[in-house]
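In what follows, a single structure is set out as structure tokens and then discussed.
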Amino acid sequence: MKIDLTETTSSKINAALVQGRRAIGTPAVGMVLTLVIVTDEENAYDALKAANDASREHPSRTLVVIKRASRSPRDRAKARLDAEVRVGADAGTGETVVLRLHGEVAAHAQSVVLPLLLPDAPVVVWWPVGSPLNPAADPLGALAQRRVTDTYAAEHPVRELTARAQSYTPGDTDLSWTRITPWRSMLAAALDQMPCEIVSAEVTGEEYNPSCELLAMWLADRLGVPVERKGSQGPGLTSVRLESTDGSIVLDRADGALATLSIPGQPDRAVALKRRDTAELLAEELRRLDPDDTYASAVRIGVEGLGSPNKAARDSAAAEGREAAAEAAAAEAEREPDEAPGSTGSTGSTGGGGKAASKASSTSNASNDASNASGGKKAAGGEGSQGGGRKAARK
């Protein structure tokens with residue numbers, strides 16, 4: 001069921017959601033989180049399709065925020081909110097609201113979104129494209145416990161990675177990191193099977209593919225050895241080589257689907273290592289809403305420490321990323337405290353959103369306290385087998 005609303009408000013959108021649930025015979029709300037997607041018209045369809053597929057595992061209220069550019073000064077001065085409410089089969093297993101913001105209201109998207117958040121439920125913000133350099137400082141990102149970006153969609157991925165390291169806040173994550181979860185699991189399992197000392201590592205993949213950079217940084221962080229980054233024709237990540245005192249451990253994937261794992265003293269084995277679509281990546285990220293300490297530790301290693309034939313170019317891109325992050329922080333500091341806009345919706349409907357925003361703030365503070373209390377201790381890794389792999393590597 002679809003309900004179109006023109007020149008509407010947040011309170012009318014909430015009323016349309018209730019009306020839609022009653023019309024399809026499901027007045028109860030059984031959703032576990034609010035997913036806010038910030039995108040443009042060009043990428044809205046693909047992002048919404050991925051969110052609907054992920055909602056089969058995580059029923060959610062999906063709010064798609066599309067900021068429309070006005071062509072004339074008159075249109076830019078006029079604030080208008082259009083919405084499309086979808087419930088039932090048109091919204092997967094949850095509810096979907098597509099918000100199109102015109103004019104001045106486009107600069108105050110958080111005022112529109114806040115009254116539409118599910119009460120007492122986690123909030124996740126996802127930028128499929130055009131993510132801010134500091135997601136936690138973004139007005140919409142400040143509402144969320146988890147902030148998901150995708151540096152693969154950026155024009156300069158290496159620069160984006162450096163900016164992420166400079167502005168990291170507990171709760172930040174990236175789909176380029178999620179893409180390497182199977183690789184990290186396989187490498188950790190391989191080290192569990194072969195107790196040895198790793199002396200160096202090599203990661204091969206497409207040039208300027210952020211997943212390759214992140215995997216190399218994770219190996220440098222976990223193993224404490226020099227990691228060389230090499231380029232290939234792809235697709236994506238193609239191979240990882242770990243040089244040990246007992247020989248080479250090689251995980252090679254030439255076709256993007258099936259990989260070969262080679263361990264000294266054992267026969268080669270074929271392992272499934274296919275490239276996953278966005279819906280699978282998003283569903284994985286929604287399974288955990290606590291800060292990803294392993295990602296934080298890896299991204300802070302930085303691309304400057306990786307060996308590469310194009311190391312000078314990577315160092316230059318990393319320096320540009322640091323400058324961009326510093327400029328973003330300076331711009332945020334210059335914002336006036338009273339710049340926060342008023343709510344577009346009714347006063348009564350903002351209660352649930354306020355609770356969610358308060359909960360996001362308390363979760364972020366608790367994560368920072370836990371990080372300080374740990375005294376810089378490294379996380380054991382994203383999977384249970386990674387801890388054993390690290391121990392084996394250091395024996």
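Keep in mind the model is a prediction, meaning the values are calculated, not measured.
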**OP:** Of all the heavy-atom pairs spanning Ala201 and Leu242, show the shortest one and how long it is.
**Re:** CB-CD2, 3.6 Å
Subject >> Same cluster (ILVMFWY, side-chain, under 4.5 Å), Val240 and Val271 >> reply: yes
Subject >> Any donor-acceptor pair under 3.5 Å from Ser167 side chain to Leu133 backbone >> reply: yes
Original post:
Given the rule in the side-chain hydrogen bond (donor to acceptor under 3.5 Å, both in side chains) test, do Thr149 and Asp174 qualify, once you have shown the distances and angles that lead to the verdict?
Top reply: CA-CA 5 Å; Thr149 56; Asp174 197 277; 2.7 Å; yes
Subject >> Heavy-atom side-chain contact between Val36 and Val65 under 4.5 Å >> reply: yes
**OP:** Look at the side chain of Asp82 and the backbone N and O of Glu7, then say whether any donor-acceptor pair between them is shorter than 3.5 Å.
**Re:** yes
Original post:
Is there side-chain contact between Pro182 and Lys274, with at least one heavy-atom pair below 4.5 Å?
Top reply: no
**OP:** Answer yes when Glu207 and Lys230 have at least one side-chain N-carboxylate O distance shorter than 4.0 Å, and no when they do not.
**Re:** no
**OP:** Starting from the C-alpha separation in whole Å, work towards a yes-or-no answer on side chain to side chain contact (heavy atoms under 4.5 Å, CB included) for Leu117 and Leu63.
**Re:** CA-CA 9 Å; Leu117 302 178; Leu63 306 177; 4.2 Å; yes
**OP:** May I ask you to say whether Arg275 pairs ionically with Glu280, meaning some side-chain N is under 4.0 Å from a carboxylate O?
**Re:** no
Original post:
Side chains of Arg253 and Trp183: does their closest heavy-atom pair fall under 4.5 Å?
Top reply: yes
Original post:
Could you state the interatomic distance from CZ (Arg184) to OG1 (Thr294), rounded to the nearest 0.5 Å?
Top reply: 6.5 Å
Original post:
Which pair of non-hydrogen atoms, one from Ile263 and one from Met194, has the smallest distance, and what is that distance?
Top reply: CG2-SD, 3.7 Å
Original post:
How long is the gap from CG on Leu251 to CG on Leu273, to the nearest 0.5 Å?
Top reply: 6.0 Å
**OP:** For Thr245 and Cys196, work out which heavy atoms get closest and say how close.
**Re:** OG1-CB, 4.2 Å
**OP:** Check Leu282 against Ala51 and note the closest heavy-atom contact, atom names and distance.
**Re:** CD2-CA, 3.9 Å
**OP:** May I ask you to check whether Asp40 and Asn43 show a side-chain donor-acceptor distance below 3.5 Å?
**Re:** yes
**OP:** For Glu41 and Arg68, work out which heavy atoms get closest and say how close.
**Re:** OE2-NH1, 3.1 Å
**OP:** Indicate whether the side chain of Glu284 and that of Thr178 have a donor and an acceptor atom separated by less than 3.5 Å.
**Re:** no
Original post:
Under 3.5 Å, side chain of Arg146 to main-chain N/O of Asp290, donor-acceptor pair present?
Top reply: yes
Original post:
Just wondering, do Pro128 and Asp46 contact through their side chains at under 4.5 Å, heavy atoms?
Top reply: no
Subject >> Pairwise distance CG(Asp150) to CG(Leu281) - rounded to 0.5 angstrom >> reply: 8.0 Å
Original post:
If you look at every heavy atom in Ser211 and Leu237, which pair is closest and at what distance?
Top reply: O-CD1, 4.4 Å
**OP:** Find out if a path of hydrophobic residues (ILVMFWY) with successive side-chain heavy-atom gaps under 4.5 Å connects Leu114 to Val18.
**Re:** no
Original post:
Quick one: do the Thr96 and Thr62 side chains pair a donor with an acceptor below 3.5 Å?
Top reply: no
Original post:
Taking atom types as modelled, is there a side-chain donor on Ser176 or Thr151 under 3.5 Å from an acceptor on the other?
Top reply: yes
Subject >> Pairwise distance CE(Met217) to OH(Tyr295) - rounded to 0.5 angstrom >> reply: 8.0 Å
Original post:
Would Ile301 and Ile180 show up in the same hydrophobic cluster when neighbours are defined by side-chain heavy atoms closer than 4.5 Å?
Top reply: yes
**OP:** Would you confirm whether Asp172, through its side chain, and Thr169, through its main-chain N or O, come within 3.5 Å as a donor-acceptor pair?
**Re:** yes
**OP:** Step by step, work out the side chain to side chain contact (heavy atoms under 4.5 Å, CB included) result for Ile3 and Val87.
**Re:** CA-CA 9 Å; Ile3 303 175; Val87 294; 5.9 Å; no
Original post:
Are Val32 and Ile37 connected in a single hydrophobic cluster, I mean Ile/Leu/Val/Met/Phe/Trp/Tyr linked by side-chain heavy atoms less than 4.5 Å apart?
Top reply: yes
**OP:** List the steps and the verdict of side chain to side chain contact (heavy atoms under 4.5 Å, CB included) for Leu35 and Val125.
**Re:** CA-CA 6 Å; Leu35 175 63; Val125 179; over 6 Å; no
Original post:
Between atom NZ of Lys12 and atom OG1 of Thr6, what is the distance when rounded to the nearest 0.5 Å?
Top reply: 10.5 Å
**OP:** Keeping the roles fixed (side chain from His102, backbone from Lys78), state whether a donor-acceptor pair exists under 3.5 Å.
**Re:** no
**OP:** Please confirm whether Arg179 makes a cation-pi placement over Tyr152, using NZ or CZ under 6.0 Å from the six-membered ring centre and within 45° of the ring normal.
**Re:** yes
Original post:
When you check the side-chain N and O atoms of Thr260 and Asp268, is any donor under 3.5 Å from an acceptor?
Top reply: no
**OP:** Drop me the distance from Thr278's OG1 to Trp126's CH2, to the nearest 0.5 angstrom.
**Re:** 6.0 Å
Original post:
So does Asp4 pair up with Lys2, basic N to acidic O under 4.0 Å?
Top reply: no
Original post:
For Val123, does its backbone N or O pair with a side-chain atom of Gln145 as donor and acceptor, under 3.5 Å?
Top reply: yes
Original post:
Is there a side chain to side chain contact (heavy atoms under 4.5 Å, CB included) between Ile66 and Val64 once you walk through the steps?
Top reply: CA-CA 6 Å; Ile66 302 174; Val64 184; 4.0 Å; yes
Original post:
Would Arg147 count as a cation-pi partner of Trp127, with NZ or CZ less than 6.0 Å from the six-membered ring centre and within 45° of the ring normal?
Top reply: no
**OP:** Would you please test Arg164 and Ser131 for side-chain hydrogen bond (donor to acceptor under 3.5 Å, both in side chains) and show each step?
**Re:** CA-CA 11 Å; Arg164 293 283 179 271; Ser131 57; 2.6 Å; yes
Original post:
Any sub-3.5 Å donor-acceptor pair from Ser244's side-chain atoms to Gly247's backbone N or O?
Top reply: yes
Original post:
So, do Val227 and Leu215 sit near enough that their side-chain heavy atoms are less than 4.5 Å apart?
Top reply: no
Subject >> Carboxylate-amine/guanidinium proximity below 4.0 Å for Arg229 and Glu202 >> reply: no
Original post:
What about Val129 and Val124, same hydrophobic cluster or not, with Ile/Leu/Val/Met/Phe/Trp/Tyr joined at side-chain heavy-atom distances under 4.5 Å?
Top reply: no
**OP:** Run the salt-bridge test on Arg287 and Glu285 with the 4.0 Å N-O cut-off and return the result as yes or no.
**Re:** no
Original post:
For Ser55, does its backbone N or O pair with a side-chain atom of Asn52 as donor and acceptor, under 3.5 Å?
Top reply: no
Original post:
Would you say Arg61's side chain and Leu116's backbone share a donor-acceptor pair under 3.5 angstrom?
Top reply: yes
**OP:** Determine whether the side chains of Asp221 and Ser297 contain a donor N or O and an acceptor N or O closer than 3.5 Å.
**Re:** yes
Subject >> Heavy-atom donor-acceptor pair, Thr34 side chain to Leu118 backbone, under 3.5 Å >> reply: yes
